[in-house]
Structure formats: C-alpha cells, structure tokens
Amino acid sequence: MSSSNNGLLRRGSRGPAVADVRTRLVALSPDHLGDRSGLGGPEVDAELFDEALERAVRDFQQRQGLIVDGIVGPETFSAIDGARWSLGDRILTHTPGHLQHGEDVAALQERLNTLGFAAGRVDGRFGPNTERAVRSFQRAYGLPGDGSVGPDTLRAFADLRRSVSGGSSTVLREQERVRRSGHSLSGRTVVLDPGHGGDEAGATVNGLREADVVLDLARRIEGRLTAIGVSVVYTRTEHTCPSEEERAALANRAEADILLSLHCDSHDHVDASGVATFFFGRDRRTSWSAVGESLADILQREIVARTGLANCRSHGRSWRLLQQTTMPAVRLEAGYLSHPDDAARLADPGFRDTLAEAVLVSLQRMYLGEDDTNATGVLHLGDLRAYLASGGL
C-alpha cells in the first residue's frame, strides 16, 4: 500500500492504492462488511477516497475491533488483506520471518483451542505455537504430523465440526494460571507501555504532549510497583517509538505477568471526555482474554471512583498489542487531552499520582480474585504494604 500522506489513506486521498482498497472491500463477505452502498458501479470514481468508502472502512474497522477512524493505515490494510481468506482457501504452514496471517489462520486457532490443542492467543498469525498445536492435532487424529494445514487436516476438522462445541481452553488456562499464581502482586513482572515516544508525540493539544504525559505516569506507576517488590519493564525510552509488534515481542520475551499500555485520547469534539480501558476480545467464545477483561473492569472502576472522570467503560478490541501479547494486556486511555477539564487534571502531578495509585491497587485486586472484599476506591499503597508485611496476601 502506498500513499502520499505518510502511508495513510483517508477521505480525499486519490490514486491506485485507494482503488485497491475499494476493490478488496467490495469482495468481502457480509460477515466482514455490511453497508456497501456507493462502493461500486460505473458512476463511482474508484481512485477517490469518498464518503462511501470512508463509511465502508469504518464499518469494517468496527466489525474487526479496530480503532474506528475511517483511515486506512498499516493495521487496517493488513486486516482488510487478511479478511479475504477463509479456512480452506489455501494451505497454511509456518514460515519463520514470513508468517501467514488472515481470518483463516484465526479460524484455525479458534478451532484448535476449542478442541483443546493450545494454539495460544487468537492473533491470526501462523506462528510456532499454532504449528505445534496443528502437529498435536494431526498426531491425535492419526495424520502425519507435518504442521501444515492441507486437505487431509481440513477434512479431519470437518469430520469433527458437528461433534465438538464449547468454549476455549486457552481462556480457561489463562484464568487457572492466575488463580494458581497466588494473591501477592510482589515478585511479578509488569510491562509498562507508555504510548508513542521519540518523534511520535501522539495527541498534542492544550499545551500537553501525550507521549510526555504517559511516560511521566508510567514512572509514577513504576515507583509504586517497585516499592512492593514488582519488577518493571518498559517498552520504550524517551527517545524511541517501537512498533506495536515490537512492543508485544518485548513483553513476550520478558515473560511478563501483565502488560499495561498507557495513552490519552483526543477528539475533534471538545465535549468528548473521560477514561476508558481496552482488553483483547474478538468474540466471547474463543478469542477473549477473560483475565484482561477482569483487570480492565477493575481499573476502570478504580479510576472513576478516585477521580470522578467520566466513565467510558471497558471494551474488547483486537488491536495488535492486545492481540499479540501472551499475557493479560490492558490499554488505558486516561482522559482526553482535547477536553479542557481532563487536560487540566492530567497536567497536575497530583492527579497523575492518583492515577498511579489506582493502577497499583487494580493490579493487586486482580490477583485477589474471589477473595477481594475491598470497596472500590479505598485501598492505598500503605494498605498493600501492610498486607504484604502481615502475610495477608
């Protein structure tokens, strides 16, 4: 994909890349795209990114759990490209450095997880975990365990289609792993992911740069976590801006227990305000992080209770960072820099301390699970230190 605007296609863009996106969207099934009015026909200027194409892009992004901005950047284009494949359309195999991706791979991962063969998180990429799961399935079914999904393996899946149903073993494993790991936050590894960085400032409005605000917030969170014995890993420095894939890979290499991605929001409508959290979620049957959802909900409630920020709730999304991490991951949008009141509060170091305290307590409450009887918005760092000293956790 190419474009004259930093690799992004948006309303008003023109050229062959726009026509390519239009053609791909027209070819998608109704499951991926609903309203197609105005996308095709002889009267349409195929190379112009018009209102109808923007509407179709937004519709696709909404259905795929992407950021709904109507702009075709690398992530949206990759999702459009991958959506053309259904399981059985091509032979799937693991090629290191050139991973196949698409909806057919996601369907394969969901199928394997449902059958109890651990393909890992449903990220739509045919990586080593998926290959191992395919080999295990093939051996169990009496097929050569070559790890490739061809006609014989697809027929085996079809034979089992009517006899197997249920939820995801991956979701259950994630929940059980957290339950068995104990109540204490101390001794764990948390990856902090301040958004943007380097030359990428993120939202810049009302005298604030998103990259600076979230890095400062991350440092306040780090201080509180290390005070109770948590190891903290950063995905970036002040001068770097890794890609979403690079951030996820770093967290996976660190074998972290949790990843927390920190952002602030911005909107053209000045009235937009509030806090929101996001976790990995494509569908509740097989492509879902139950622990991530739990943490997102706790974090949302703690911040709203402590700050009074508008409650924009928690949401499942299939953004790359949430999808490609192997541990529970949550993205926090800690207010709107475009909203005067939110911005004024985010500019206040004392308010950022309050956010950091909310994060610390939320992480600990996630590990308490069913034993958590604390009211929302009342625990503080000193309480957690007392718990640890008494062995109460």
Side-chain angles (χ1 to χ4, degrees), residues 65 121 168 170-195 214 217-218 221-222 224-225 228 230-233 235 247-248 251-252 254-263 275-282 284 287-307 309 311-319 321-334 354-379 381 384 387 393:
R121 183 159 293 181
S168 170
T170 300
V171 172
L172 297 176
R173 287 192 190 98
E174 183 184 64
Q175 292 174 314
E176 183 64 10
R177 186 162 54 246
V178 170
R179 188 187 70 81
R180 290 188 174 185
S181 67
H183 285 342
S184 180
L185 184 59
S186 178
R188 301 185 191 272
T189 299
V190 173
V191 170
L192 295 178
D193 173 49
V214 295
L217 176 58
I221 295 170
E222 177 196 11
R224 287 161 173 78
L225 288 174
I228 59 170
V230 176
S231 297
V232 174
V233 177
T235 60
R247 295 172 194 242
N252 292 339
E255 298 182 344
D257 296 286
I258 296 170
L259 177 139
L260 181 63
S261 186
L262 304 170
H263 289 260
V275 58
T277 53
F278 301 87
F279 57 93
F280 173 63
R282 284 168 54 99
R284 284 190 176 272
S287 308
W288 203 264
S289 172
V291 178
E293 180 181 19
S294 175
L295 175 57
D297 286 343
I298 295 170
L299 183 58
Q300 185 73 21
R301 294 197 306 270
E302 284 287 343
I303 291 177
V304 170
R306 291 164 186 266
T307 66
L309 286 171
N311 186 356
C312 298
R313 306 191 183 280
S314 57
H315 310 271
R317 291 291 185 268
S318 58
W319 300 337
L321 183 62
L322 303 178
Q323 190 174 52
Q324 294 181 13
T325 43
T326 57
M327 73 293 302
V330 169
R331 172 165 165 162
L332 167 65
E333 294 281 355
T354 300
L355 288 176
E357 191 102 337
V359 168
L360 173 73
V361 170
S362 299
L363 294 175
Q364 177 58 81
R365 291 189 66 185
M366 187 194 80
Y367 285 107
L368 291 178
E370 296 178 354
D371 295 328
D372 182 11
T373 59
N374 298 287
T376 298
V378 299
L379 283 178
L381 177 59
L384 298 187
Y387 273 132
L393 297 179

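Atom set for the values below is all heavy atoms of this structure, side chains included, hydrogens, waters and symmetry mates excluded.
- At distances below 3.5 Å, at least one donor-acceptor pair connects side-chain atoms of Gln364 with backbone N or O atoms of His183.
- In this view, Thr354 and Arg306, Thr307 satisfy the side chain to side chain contact (heavy atoms under 4.5 Å, CB included) rule, not counting sequence neighbours.
- Under the side chain to side chain contact (heavy atoms under 4.5 Å, CB included) criterion, Ala251 pairs with Val191, Leu259, Thr325, Met327, sequence neighbours left out.
- Under a 3.5 Å cut-off, the side chain of Arg121 and the backbone N or O of Leu322 do form a donor-acceptor pair.
- Taken from CZ in Arg365 to CD in Glu302, the straight-line distance is 5.0 Å, to the nearest 0.5 Å.
- Checked by atom type and distance alone, the side chain of Ser186 pairs as donor or acceptor with a backbone atom of Ile228 at under 3.5 Å.
- Across all non-hydrogen atoms, the minimal contact from Thr235 to Pro194 is OG1-CD, 3.9 Å.
- The only member of Asp297, Leu295, Leu185, Leu299 that meets side chain to side chain contact (heavy atoms under 4.5 Å, CB included) when paired with Met366 is Leu295.
- By the side chain to side chain contact (heavy atoms under 4.5 Å, CB included) test, Ser181 pairs with Arg188, Tyr367, sequence neighbours left out.
- No donor-acceptor distance shorter than 3.5 angstrom exists from the side chain of Asp257 to the backbone of Gly187, with no hydrogens or angles considered.
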What's the verdict on side-chain contact (heavy atoms from CB on, under 4.5 Å) for Ile303 and Thr277, showing C-alpha distance, side-chain angles and the deciding distance? CA-CA 10 Å; Ile303 291 177; Thr277 53; 5.6 Å; no
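- The CZ atom of Phe279 lies 11.5 Å from the OG atom of Ser318; values are rounded to the nearest 0.5 Å.
- In this structure, CZ on Phe280 lies 15.5 Å from CZ on Arg331, to the nearest 0.5 angstrom.
- Here the closest heavy-atom approach between residue Ala296 and residue Val330 is recorded as N-CG2, 3.8 Å.
- Atom CD of Glu222 is separated from atom CZ of Arg224 by 11.5 Å, given to the nearest 0.5 angstrom.
- Within the 3.5 Å criterion, the main-chain N or O of Val275 finds a donor-acceptor partner in the side chain of Gln300.
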